[in-house]
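This report refers to the structure that appears directly beneath it.
Please read all numbers here as calculations on a predicted model, not as lab measurements. When reading the values below, keep in mind they use all heavy atoms of this one structure, side chains included, and skip hydrogens, waters and symmetry mates. We count residues from 1, following the sequence as given.
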Amino acid sequence: MKPVQVLLIGLGRVGTRFYEKFHLLGEDRVKILAICEIDPGHPFLASLKEDGIPVFQDYKDALSRWGSDIDIILDTTNIPSVKIDIRHILQESGNHHTVLLPLVASYLLWHMAAPDEELVQDHSNPGY
């Protein structure tokens, strides 16, 4: 089976934990194409570079680089304008393959992947 190719946006508490879980699953199941993080001094970036994961400050650059090769975009920033912009970019580029996973769906994914581990749900509006 082809691995699910993921673009992860945001390395806060939620994004970092998803990265760790995806990394543990292995590239034969989940291929992390890139991580997008606006903070160039984020302490986790060195670890990503050691793992060979490309890092982008601007998610638009990552979207441009991989386009419809991305299966799932996991945006953990909970910034509505980011989601709106990503949807617009996908629509304008004719990308009908890539799925922008709403944060509430990522919580569901977490419950399935790590039922014994709590994930902080401190975002005020985790909807789409």
Side-chain angles (χ1 to χ4, degrees):
M1 185 172 163
K2 176 184 172 275
V4 177
Q5 300 195 116
V6 175
L7 173 64
L8 180 61
I9 302 174
L11 279 178
R13 288 179 287 190
V14 174
T16 300
R17 294 200 53 205
F18 267 107
Y19 170 77
E20 291 168 342
K21 287 293 179 190
F22 291 157
H23 186 69
L24 286 174
L25 287 172
E27 283 196 1
D28 59 324
R29 293 184 177 180
V30 179
K31 168 100 173 119
I32 301 167
L33 295 175
I35 303 286
C36 302
E37 173 55 47
I38 61 171
D39 177 6
H42 192 289
F44 203 69
L45 293 181
S47 175
L48 295 173
K49 290 178 183 177
E50 286 177 17
D51 291 342
I53 305 295
V55 176
F56 292 83
Q57 274 191 290
D58 190 335
Y59 61 87
K60 293 174 190 174
D61 294 334
L63 285 170
S64 175
R65 163 66 178 86
W66 278 281
S68 61
D69 288 338
I70 303 166
D71 295 318
I72 294 174
I73 298 171
L74 181 56
D75 169 24
T76 64
T77 67
N78 201 39
I79 301 170
S81 62
V82 171
K83 285 188 180 20
I84 291 168
D85 193 38
I86 291 170
R87 282 190 225 119
H88 179 75
I89 291 168
L90 293 174
Q91 183 178 8
E92 288 296 310
S93 67
N95 182 340
H96 301 288
H97 172 76
T98 303
V99 175
L100 173 59
L101 196 66
L103 191 55
V104 69
S106 48
Y107 289 142
L108 174 62
L109 178 64
W110 185 266
H111 291 307
M112 293 170 58
D116 297 329
E117 295 180 43
E118 286 300 314
L119 185 66
V120 176
Q121 295 188 29
D122 60 355
H123 294 98
S124 60
N125 182 10
Y128 200 78

Query raised in the report: Can you tell me how far NE2 of H23 sits from CD of E20, rounded to the nearest 0.5 angstrom?
Result: 9.5 Å
**Report entry** Separation of L90 CG from E92 CD (nearest 0.5 Å)
**Finding:** 10.5 Å
Report summary line: side-chain contact (heavy atoms from CB on, under 4.5 Å) filter on V99, not counting sequence neighbours, yields none
Report task. Using side-chain contact (heavy atoms from CB on, under 4.5 Å) as the criterion, list what pairs up with D58, not counting sequence neighbours. Result -> K60, D61
**Report entry** Those residues that, when tested against D69, pass salt bridge (charged side-chain N to carboxylate O under 4.0 Å, His left out) (two or more places apart)
**Finding:** none
Query raised in the report: Would a hydrophobic clustering, with Ile, Leu, Val, Met, Phe, Trp and Tyr connected at side-chain separations under 4.5 Å, put L24 with V30?
Result: no
Report task. Please list all pairs passing the salt bridge (Lys or Arg N to Asp or Glu O under 4.0 Å) test where one or both residues lie in residues 44-57, with sequence neighbours left out. Result -> none
Query raised in the report: Once you round to the nearest 0.5 Å, how far does CG of L100 lie from CD1 of I84?
Result: 11.0 Å
Query raised in the report: Could you state the interatomic distance from CD1 (I79) to CG (D85), rounded to the nearest 0.5 Å?
Result: 11.5 Å
Report summary line: d(L48 CG, L8 CG) to nearest 0.5 Å is 9.0 Å
Query raised in the report: Looking at side-chain heavy atoms only, is the closest gap between F18 and V6 below 4.5 Å?
Result: no
Report summary line: So ring pair (Phe, Tyr, Trp, His ring centres under 6.0 Å) across residues 53-72, not counting sequence neighbours, yields F56-W66
Enumerate, atom names and distances included, each donor-acceptor pair closer than 3.5 Å involving a side-chain atom of residues 31-47, sequence neighbours excluded.
| unit_1 | atom_1 | unit_2 | atom_2 | d |
| --- | --- | --- | --- | --- |
| E37 | OE1 | L11 | N | 2.7 |
| E37 | OE2 | D39 | N | 3.1 |
| D39 | OD1 | G41 | N | 2.8 |
| H42 | ND1 | F44 | N | 3.0 |
| H42 | NE2 | L11 | O | 2.8 |

Report task. Calculate, to the nearest 0.5 Å, the distance between atoms OG1 and CG belonging to T98 and D71 respectively. Result -> 7.0 Å
Report summary line: Shortest non-hydrogen pair, I70 vs H97, comes out as O-CD2, 3.3 Å
